[in-house]
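See structure below.
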Amino acid sequence: MPRYYLTTAIDYVNSRPHLGTAYEKIAADVIARYRRLAGFDVRFVMGNDEHSQNVFRQAAEAGLEPIAYCDRMEQEFRKAWSSLDISFDDFIRTTQPRHKAGVTEIARRLHAAGDIYQGTYEGWYCVGCEAFKQDKDLVDGRCPLHPRTEPQWLKENNHFFRLSKYRQPLLDHLHAHPEFIQPESRRNEILRLLEGGLEDVSISRAGQSWGIPLPFDPGSVVYVWFDALINYASAVGLGTDDELLATWWPADLHVIGKDITRFHVVIWPAMLLAAGLPLPRRVFGHGFMTKDGQRMSKSNPGTIIDPSDAAARLGADPLRLFLTKEIVFGNDGDFSWGRFEEKYNVDLANNLGNLVNRVTAMAERYRQGRLVAAPAAETLAAAATTHAHAYAAAMDALQLDVACQSAFRLVDATNEYIAASAPWALAKAGQDHALDRVLWNASEGLRVAAVLLSPVMPASCRTILARLGTPVADVGDLRLERDAQVHVSGTRQLTRADALWPRLEADATAAPISTKTKETPVSDTPKDVAATPAVPAAPAASPAAAQVTAPPSAAAPVEGTDTRLSIDEFMKVDLRVAQVLTAERVPKSKKLVKLSVDLGSETRTIVAGIGEAYEPEALVGRRIAIVANLKPAKLMGIESNGMVLAASAEGNRPILIDFAEPPAPGTRIR
RNA sequence: GCCGGUGUAGCUCAGUUGGUUAGAGCAUGCGGCUCAUAUCCGCAGGGUCCGGGGUUCAAGUCCCUGCACCGGCACCA
């Protein structure tokens, strides 16, 4: 049995998964399930990346040990993936002993190969900022933010990886294996990057406790991204189980976001070359998800969609289909509730779902559900073969959207076949033989379509197969070769049941469905499956829900990570009323405005990013709210001593705070 | 200002290395069917492929240029 090892990127645990991360897992899951269907022995690995300083900080803020925080986040992630029916075989965490063993092994190998050397990072260090400063950041040899503090010349011991040594081998590899990076556009970017030269990279941090110690310098920990990449090999036994490693490595496919392509096609392969390990066969950089055209990001709450919510609304399978079929794999994709609901109605309610219903209904009505094999209908059988081949070719080429479309063409072909052969007319005319044949073939067209769609909609397809009298214990038992063609022998008992995907009516689609419905678990006995819908009836929009036009709100903070401030902490912020004396645009900037403001006792210069929303002249005389005790910052060469308060949603123009009655400049706000 | 992306039917988008008459779904109009969740099937209308210039026997596709929108950074303290 051929093997297939694929991975997704492991996820940072500093926030809960959103639809963008879910998209990657769904796409990878579709590929994994397709490979199983195609007869491969599949290993599908996902996991969490836990050794970042951010995680360390977040844990501290939540009053937790880092590992306890990570444990909690693991549950969050597992819950999300479970609600989306992600069929990973293994879930690796970078804090696990097996991963530490893998990292240690790689570090040891690179060290032995002479590809790690000790270097020092030297530079001006500003104690006030707790950071190294570049020469260009210093003014008269001093940190502009802390002009009274003498910067210190510091050295930090670091270990460097000789990445530069692998420039030519990487270029050779890319030329020898054009399929290594996909899609194509990313490959060109990397070629340009390599042609421009590579610099060695630092792989350690001194003086940190949260991380994996370097075997040859226990005082340093491995830098987080270097650590993270190794998970792909440590998950299959690097450093712990040579036999397992030999079985699965190299990976057939890394599915990652396009933003981290260069880590995966430059640094990671260079590490493997240095360690004497084979390179992964393919790296696929998928696109980003947007919400209603806006970039989905943590700092923009309106764009964050909780994948479990989205799945709960119409079902995990409809969501999986939408993301797989409507987004060209490799391109950015947009999610909107309206489009999701539209595609749900068209593809699932009207076409596939209705086909299931009409086939089972006719079988029951004309034959008490009992169908006997009949000769294949030529056109439909040919369509099944053609579309199944196109489907497999597309899947092999990772054109997931094209593959879905092929499967749906078979759904269309089956609907056409039914219309053309009019079984209801045959029934009326008493042409039993012809009727038997049409019913059998229609059910076969549908069955093959369900087999093809099973990687995308596993639970639903299992239900469809059960209703068609061809139950499987697990869709993983299906095989393309055997099951994705029209069969011409046997007898079956079909069962009609509730609509799989009830059509959403216009007024229901206008409002988000706030009721969280969980998918009815599919029972193990096919009989029950046939009797129970895999997806509950769409919840009717209640009058109350109909008034709500906003989508479900952004992800709530993780339980237990209470980030609220005490009153003392809040009082540290010195908010003041200020009156604008002068305002002028900062030359060559897009949105910066330089203000001088009256604070009662003093006059301050503040630079604010409000130039896109306000004309500077209109600000003069206006009373605004500012933060008065911020550390100064330099913006476009101008020192800003404070911050103007404004309502500012990401992507929207800021709106200044206004006072209904004018307070005196300098008045404290609290 | 720099870097990147996008611009194709009313809407949402496909369009491989240049190659017949530029496609799909939705929406619209007409017709058919009644097994089915008012579903399905057929037909039709609808396009300056953002503008301009160029290369070529041939350009939605390649090159130059302009415009518009989006994203990132410089600058949101």
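Every chain is numbered from 1, with letters handed out A, B, ... down the list of sequences.
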Minimum-distance nucleotide to [X] side chain [options: [options]]:
X	options	value
Leu592(A)	A77(B), G42(B), U37(B)	A77(B)
Arg496(A)	C35(B), A36(B), C75(B)	A36(B)
Tyr366(A)	A14(B), C40(B), C35(B)	C35(B)
Asn331(A)	A14(B), A36(B), C35(B)	A14(B)

My understanding is that a pair needs two contacts under 3.5 Å, Watson-Crick or G-U wobble. By that rule, which nucleotide pairs with [N]?
N	result
C2(B)	G72(B)
C62(B)	G54(B)
C33(B)	none
A24(B)	U12(B)

Pairs involving residues 357-374 of chain A, ordered by first then second residue, that meet salt bridge (charged side-chain N to carboxylate O under 4.0 Å, His left out) (sequence neighbours left out): Arg367(A)-Asp432(A), Arg367(A)-Asp436(A)
Quick one: does [X]'s side chain get under 4.5 Å of [Y]'s, heavy atoms only?
X	Y	value
Tyr614(A)	Lys591(A)	no
Val644(A)	Val593(A)	no
Tyr344(A)	Phe322(A)	no
Arg409(A)	Tyr391(A)	no
Phe408(A)	Leu321(A)	yes
Ile624(A)	Ile657(A)	no

Using a cut-off of strictly less than 4.0 Å between a heavy atom of the residue and any atom of RNA chain B, enumerate the qualifying residues of residues 598-606 of chain A by number. none
If you measure from the [atom1] atom in [N] to the same atom in [M], how many Å do you get, rounded?
N	M	atom1	answer
C70(B)	C30(B)	P	39 Å
G15(B)	U21(B)	C1'	16 Å
U39(B)	C26(B)	C1'	16 Å
G7(B)	C49(B)	C1'	10 Å
U17(B)	A58(B)	C1'	15 Å
G47(B)	U8(B)	P	14 Å
C62(B)	G18(B)	C1'	8 Å
U6(B)	G60(B)	C1'	14 Å

Would you say the ring centroid of Tyr23(A) lies under 6.0 angstrom from that of Phe335(A)? no
Strictly under 4.0 angstrom, non-hydrogen atoms only: write out the protein contact profile of nucleotides 24-34 of chain B, one letter per nucleotide from the 5' end, B, S or -. -SS------SS
Phosphate OP1/OP2 of C40(B) contacted by Asn354(A) side-chain N/O (<4.0 Å): no
Rounded to the nearest angstrom, tell me the gap between atom [atom1] in [X] and atom [atom2] in [N].
X	N	atom1	atom2	value
Leu645(A)	C76(B)	CG	P	17 Å
Leu656(A)	C76(B)	CG	C1'	13 Å
Glu364(A)	A36(B)	CD	P	11 Å

At their closest point, which heavy atom of Leu452(A) faces which heavy atom of Ala388(A), and how far apart are they? CD1-CA, 4.0 Å
May I ask you to check whether over 12 heavy atoms, not counting those of Arg262(A), lie within 6.0 Å of atom CZ? no
Toward the 5' end of RNA chain B, by each residue's nearest nucleotide, Lys591(A) or Ile418(A): Ile418(A)
